[in-house]
Every structure is written in C-alpha cells, then in structure tokens.
*Asks:* 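Take this structure, written in structure tokens, and hold onto it; I'll ask about it next.
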There are 2 protein chains.
Amino acid sequence: MKVTITDIAIAAGVAKSTVSKVLNDSPKISQETKQKVREIMKQMNYTPSSIATGLARQSSSNIGLLIDMSKSSEFLNQFFYNIIGGIESVIGSLKYELTIANVEHNHPDGHFLHRLVRSKKVDGLIANTSVLTEELCTRLNHLEFPYVSLGEVAASGCWVDFDNEAGGRMLTRHLLEEGYSAVAFIGGYEGDPLFIRRLEGCRQVLGQAGKPLRKEWIINGEAEEAFGYQAAKQLLLSETPPDSVICMSNFAAYGVLLAARELGVKVPTQLGIATFDDYPLSRYTSPPLTSLNLDTFHLGVSAGKLLMERIGGKNEALQKLLLAPELLPRESSCRHSRT
Amino acid sequence: MKVTITDIAIAAGVAKSTVSKVLNDSPKISQETKQKVREIMKQMNYTPSSIATGLARQSSSNIGLLIDMSKSSEFLNQFFYNIIGGIESVIGSLKYELTIANVEHNHPDGHFLHRLVRSKKVDGLIANTSVLTEELCTRLNHLEFPYVSLGEVAASGCWVDFDNEAGGRMLTRHLLEEGYSAVAFIGGYEGDPLFIRRLEGCRQVLGQAGKPLRKEWIINGEAEEAFGYQAAKQLLLSETPPDSVICMSNFAAYGVLLAARELGVKVPTQLGIATFDDYPLSRYTSPPLTSLNLDTFHLGVSAGKLLMERIGGKNEALQKLLLAPELLPRESSCRHSRT
DNA sequence: TTGTAAGCGTTATCAC
DNA sequence: GTGATAACGCTTACAA
C-alpha cells in the first residue's frame, strides 16, 4: 500500500541513495536521472516519511510553543492566535511545524523537558516567562537547547518583548500633552517586571515634566474589571483625586470607566483614561479607550526568527529584542478635539 | 553525549530488546530486571527518542490542527485558545502532541496533504469547515486518514458543532418571553450553513408563536460592527421597525447598539438585543448584551475525543455531535426586572 | 555520477 | 523471562 524510497529506487532502476539525493536535489545527480526519478515518484504518488527523515537527520522539524493553561495568563490567551500566526509564518517557510504543549500536564518539575526536549520531539522552544522560569532557562542552557522567551527573562537567556518602559512613557506623555497633570497608575503587582517597567516609563516622563508621581496614586492589584472599579473609586473619592489614570489592562480600564460613570465623573473632561493593550475592549467601550497597541504577530515573528537562527547554529545571534508599541489615541483621553 | 537504548542495555548487562520491554512495561519481564534497568536509566539520565519510537511504531504521536490564517475567520481567532486547550486536555493525557499548521503556506491544492498527512507528520487531523472542504474530506476518507471537522460538514465526515438551530430557538424564545414580538435577524450570508441553521431555529419558535418572521427583517451581511450599525439604522428607520433583534456576532450587536444610541432608541425598553457568542464584548457593552455562550473548550474536548477514538481504530465511533449552547440573559433584552 | 553499506534509535518476532 | 536479529524509511560516507 504505502510506497517507500526503496519502491521508487526499484521502479526507477537506481539505488536508494540516488533517490535520496534526488529528493534533496543534490547537485551530483544528472538532470536526466532527476527527471526520471521524479517522474516515477509522481506516478507512484510518493511522499517521503518525515519520521524516517527525522531519524536519519536527527531532527524533528518541529518547534514547540509552551503554554500553561492552568494559569489563565490573559496575555497569551488574548494574543495567542496572532503570536502563533507570527511564529508559523517564519518557521513554516523553513519547513518546520509548530507543536503546542500544555505544561500543566507535565506533572512534577519540568516534565516537558523530557517529553519534548530530551525526547527530541522539538528542535527548539518558545515560551512566555510564566512558564520559562529562571531555573528552566539555566537547565536549557546547560542542555544547549535552543529557546526563546516571550517576555524579558533575567538569566542569560534569549528573549523578545515589548518595550514596556517606552510604553509607559508614551501613554504618560500623551496624557500630559492632552493637558492632564495628575496621573495615577492602576494595576499590576509590585514585583512584576511588567509593572515595574511600565511604571518606570511613566515616572520618567512625569519627572521630566516636574510632576512627580505620587505614591498614593499607584494602586497595585490584579488588572481586572473589579479591581479597576475599586481602585478608581478609591482614587476619585480621595482628598486629592488624580485627573487621569493609566491602566495595566483593558479590563481594569473598563472598571475605571464604570466607577467614573457611577460617580458622575465625566470622561475625558474630568478624568482621562489611557490603557495598555488595545484588545479586546478598547475600541468598543463608551467612550472608546486610548490605548497602546502591541503587535503580537510581530512578536511571534521575532521569536520565530530568533529561534531559527539559534537552531541554525548562530549561537551568537541577537539575544534580546525590544519591540516598540503604538499609541492609539481615542476619546477617553482626548479633551482637545482632534483633526 | 547522548545516551541511547544500547548504552542502557550494555550498562545493565541485558539486551536492547529487554530494555525496550522495560520501557513499555511488558508483563514478561521480571520485577528485578525492571528495577535494575530502570535504575540505570535514571542514573544515566536516559530519555527514549520519540523519533526512533515513531519510526518503529509507525506513528508520530502528533495530531494536527489546521488553520487558515489568511481568512481571518473570527471564530477560530477568538476561540482558538479554548479550543486548543480542549483538544490538548484529551490528547495530552494520551501522550499525543498538538501540531498547528497554517494551510495558507500550503501553496496550491491541498499541499498540507503531503506535508502533514502523507508524510506522516500527524496521525490525525482537526480543522474547521473553512479549510476542510468537501473535496478534502473525500480525499481524506479515501486515504482512510482520521479527521474531525469543527463545524458541520456535508460529506460522510466526522464532525462536532454547536447546535445552532437550538441556539436560534433559545434566543428567540427568550425575546418572546421578555415580551418582544417583532424579531429581526442581523448578519450572516444566505448560503452560510451557520446562518441557515440559526435562522431556522428562530423561524421555528416565531412560527409556533404565530408571529412569522418577516422577510424585510432579515438583513444579510458580514457580521461586523459597521454592518450591524447600518442594518440597525435601516430597520429602525423603516416603516415597520422591529422591537428586537438577534445578531450573528458580538460585533454586529455592538453596531446595533451604536445605531440605537444615535437614534435615541432605548435599549432594552424600545429595542431588545440578543446575540450569538458571549465573547469578547457582551459583558462590557452598555448595556451588556444578552448572549448565547458557546463552550469552545468543550468543543475542543469533543473533537479530541472523537479523533482519538478513530485513531484507536473505532471507525464506527460517533460520527456527528451537537453541543448545546447556553443562554446568558443580560440587560440588553430584559425589560422585566430579574430577581 | 551512481551504487554499497552502515547507521539513526526504537520495536517486534522469534528462538532459547 | 531474556536475547538475537530483522525491520522501520531515510541519509551519508565511501567506493566504484
């Protein structure tokens, strides 16, 4: 039923190795032979077995994308499709396939290390920081196994990330340009690098403008609707309410919007709102939210490229990459009419 | 550097075949031998090569999920993460991995047929109807290759889908119960099975209630914001405006909301709105949208199970599966206060 | 240029 | 219970 390289060899009256060379378009095979063999392959409807090829070549032509579905990491969840698309667009044309693996299954420790890495199911790995702990990075480094992290990673790892500091600057600068001066920051946990970077950007711009960020205007917490709502109420009802807020997520910003509506605080006149992420709500709230768009497809592309370079042996390839975000000004923070 | 089954055999002083049997926990190996060999494997940090195993077993332990990124099929795009999670949760515990392949790359014809199927990169396939054309189904059938379609498929294929007809009924019944009686239907194209099913459900309930659906209240088109907006305006400004509308998507419903706001039509008092899909906007619009939630994780689970059964040889396994949607009543269609 | 033969790392079929 | 040995389907020196 199934036709193998041997069948082709026999049918064409040549040796297996010759067929193999034709398969790989070796320059040391005559055109005539190539023609003939290819003809036969077509006739017999032959497709080489990727597994056998893999064994012989010691490569799976697969790269793995690790996710942890147990932590509903909003980030991946939302942008998954785009990231995958980005990765696929670069590895696909290199004849690689993308394998998605859920780390949750991998019981104790780094079980995926066995299941995927050591068993050679994949030739390289992409994962976001929530799964790629520092310890794992060092272990992968030790195995000399190629990987790229989605998100900045401390160790001597290779990563791509968005420039969160620049993002903080962009959002803050925008608010100042729109005439706001008392900027609050809502969402994120103190230890979280994402929070730290973003806030730092914010702090820089405010500092330069001579309007230092006040401690009581930084509210830490899970960047969800309920939290945003609470945080906004707290801020707006305080003795020194800010006139604008930067949110760590769409959902937190939505919560702020609800609180403002409830308290009769007009957006954007009395309160300006700007948020990280453009997806999924920014366009659809009332008023629509000024937001920072992250090109996640591009993130996937970058991660894919980096990884393929490493697999290709360029170990000296670029190690770290920061992608610029894009500001999308919308009604929630624009007091001046825009042309 | 790398340790193979042979190394283990030598170190343990047994034959390769014995090690292999230990690996597969064969009952015909003594406990002592097993202990000993396993001990050695641990010491030498051995992990079997999945590729070699694959070659010997003639299986890749991979199942493929086909997507077509060129068509921004909203469905997959939005629910991708959940579907993948669902599939993974069933195949993962069976030691299978999930391979994502973008069909777009696959130049002419069904190139993925070679790249994935014939080359044995995957043992089975899951794809939604937009890529699994009827022709492809018959070809896969002919190859006796296991696959499951996400979405109803005409041919003698195996598929899982949501019960769209029931969905149409649920939404319509809800509107009637809330006291609406003139129901319009917005979005979807005439030939689209999704549209046909959903409208049919709607028609059934209206028919039973003696309030037949009027032709001029069915507006066909791409279920996007702009279209929903236009359609709603057209309906609301007509001589016989409906008092409620069912939308094919969140985005279309959002457009309707905008139109109503602009025309000063109160929702839900003067116009009831209910929509298919709960994600991503329903909860966050003002007012929040009554919607039909589709458990896409479960869809993935079902597809995975079905596929694994077929791979397992149960060719007589269940062929078609309809999943029930869930109604989430919200403010956009609830005139009566709810307890 | 083409052919021969030895891998690649498992599993599977028999003997013993 | 355990051990040779032949697959599995392709690549790759090394010969010819």
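Labels below follow one simple rule: chain letters A, B, ... track the order of the sequence lines, proteins then strands, and each chain is numbered from 1.
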*Asks:* Looking only at the side chains, is there a donor atom on one of Asn141(B) and Tyr147(B) sitting less than 3.5 Å from an acceptor on the other?
*Replies:*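 Side-chain D/A pair, Asn141(B) to Tyr147(B): present.
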*Asks:* Among dT5(D), dT10(C), dC10(D), which is the nearest nucleotide to the side chain of Thr4(A)?
*Replies:*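 The answer is dC10(D).
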*Asks:* Reckon Ser20(A) has a side-chain N or O less than 4.0 Å from the OP1 or OP2 of dC10(D)?
*Replies:*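 Ser20(A) to dC10(D) OP1/OP2: no side-chain N or O under 4.0 Å.
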*Asks:* One thing to verify: whether Arg139(A) and Glu135(A) come together as a salt bridge, which I'm taking to mean a side-chain N less than 4.0 angstrom from a carboxylate O.
*Replies:* yes
*Asks:* Grab the CD-C1' distance between Gln35(A) and dT1(C) for me, whole Å please.
*Replies:*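 Whole-Å distance recorded here is 16 Å.
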*Asks:* For Ile5(A) and dA7(D), what is the distance between atoms CD1 and C1' respectively, to the nearest whole Å?
*Replies:*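 The distance from CD1 of Ile5(A) to C1' of dA7(D) comes to 16 Å, rounded to the nearest Å.
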*Asks:* Backbone N or O of Asn128(A) within a donor-acceptor pair of the Ser149(A) side chain at under 3.5 Å?
*Replies:*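 It does not hold such a pair.
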*Asks:* How far does CD1 of Ile40(A) sit from CZ of Arg38(A), to the nearest 0.5 angstrom?
*Replies:*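 So the gap between those two atoms works out to 13.5 Å.
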*Asks:* Quick check for you: to the nearest 0.5 Å, what is the distance between Ile5(A) atom CD1 and Thr53(A) atom OG1?
*Replies:*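 Interatomic distance, Ile5(A) CD1 to Thr53(A) OG1, rounded to 0.5 Å: 8.0 Å.
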*Asks:* Quick check on contacts: within residues 47-57 of chain B, what sits under 4.0 Å from DNA chain C by heavy-atom distance?
*Replies:*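 Thr47(B), Pro48(B), Ser49(B), Ala52(B), Thr53(B), Leu55(B), Ala56(B), Arg57(B), in order of number.
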*Asks:* Where do Val3(A) and Met44(A) come nearest, in terms of heavy atoms and distance?
*Replies:* CG1-O, 3.4 Å
*Asks:* In terms of side-chain heavy atoms, does Ser26(B) have a donor or acceptor partner in Asn24(B) at a distance below 3.5 Å?
*Replies:* no
*Asks:* Distance check: side-chain N/O of Ser17(B) vs OP1/OP2 of dA4(D), anything under 4.0 Å?
*Replies:* no
*Asks:* Please check: side-chain N/O of Ser302(B) versus main-chain N/O of His298(B), any donor-acceptor pairing under 3.5 Å?
*Replies:* yes
*Asks:* Measure the distance from CD1 on Ile10(A) to P on dT4(C) and round it to the nearest whole Å.
*Replies:*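 Whole-Å distance recorded here is 12 Å.
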*Asks:* Any side-chain N or O of Gln58(A) less than 4.0 Å from the OP1 or OP2 oxygen of dT11(D)?
*Replies:*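 For dT11(D), neither OP1 nor OP2 has a side-chain N or O of Gln58(A) closer than 4.0 Å.
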*Asks:* So, does Thr33(B) get its side chain near the phosphate of dG1(D), meaning an N or O under 4.0 Å from OP1 or OP2?
*Replies:* no
*Asks:* Select base, sugar-phosphate, or nothing to describe what Val19(A) touches, counting heavy atoms under 4.0 Å on all strands.
*Replies:* nothing
*Asks:* Looking at residues 22-30 of chain B, who's got a heavy atom less than 4.0 Å off DNA chain D?
*Replies:*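 Of all residues in residues 22-30 of chain B, the ones placing a heavy atom under 4.0 Å from DNA chain D are Lys28(B), Ile29(B), Ser30(B).
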*Asks:* Are any of the side-chain nitrogens in Lys34(B) or Asp25(B) under 4.0 Å away from the carboxylate oxygens of its partner?
*Replies:*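 Salt bridge: yes.
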*Asks:* Classify the side chain of Lys21(B) and the base of dG3(D) as holding, or not holding, a donor-acceptor pair under 3.5 Å.
*Replies:* yes
*Asks:* Determine to 10° how strongly the helix from dT1(C)-dA16(D) to dC16(C)-dG1(D) is bent, judged from the axes of its five-pair ends.
*Replies:* 40°
*Asks:* Check whether Asp123(A) reaches the backbone of Ser59(A) with its side chain - one donor and one acceptor, N or O, closer than 3.5 Å.
*Replies:*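 Side chain of Asp123(A) to backbone of Ser59(A), a donor-acceptor pair under 3.5 Å: no, none is there.
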*Asks:* Charged N to carboxylate O under 4.0 angstrom, Glu97(B) versus Arg115(A)?
*Replies:* yes
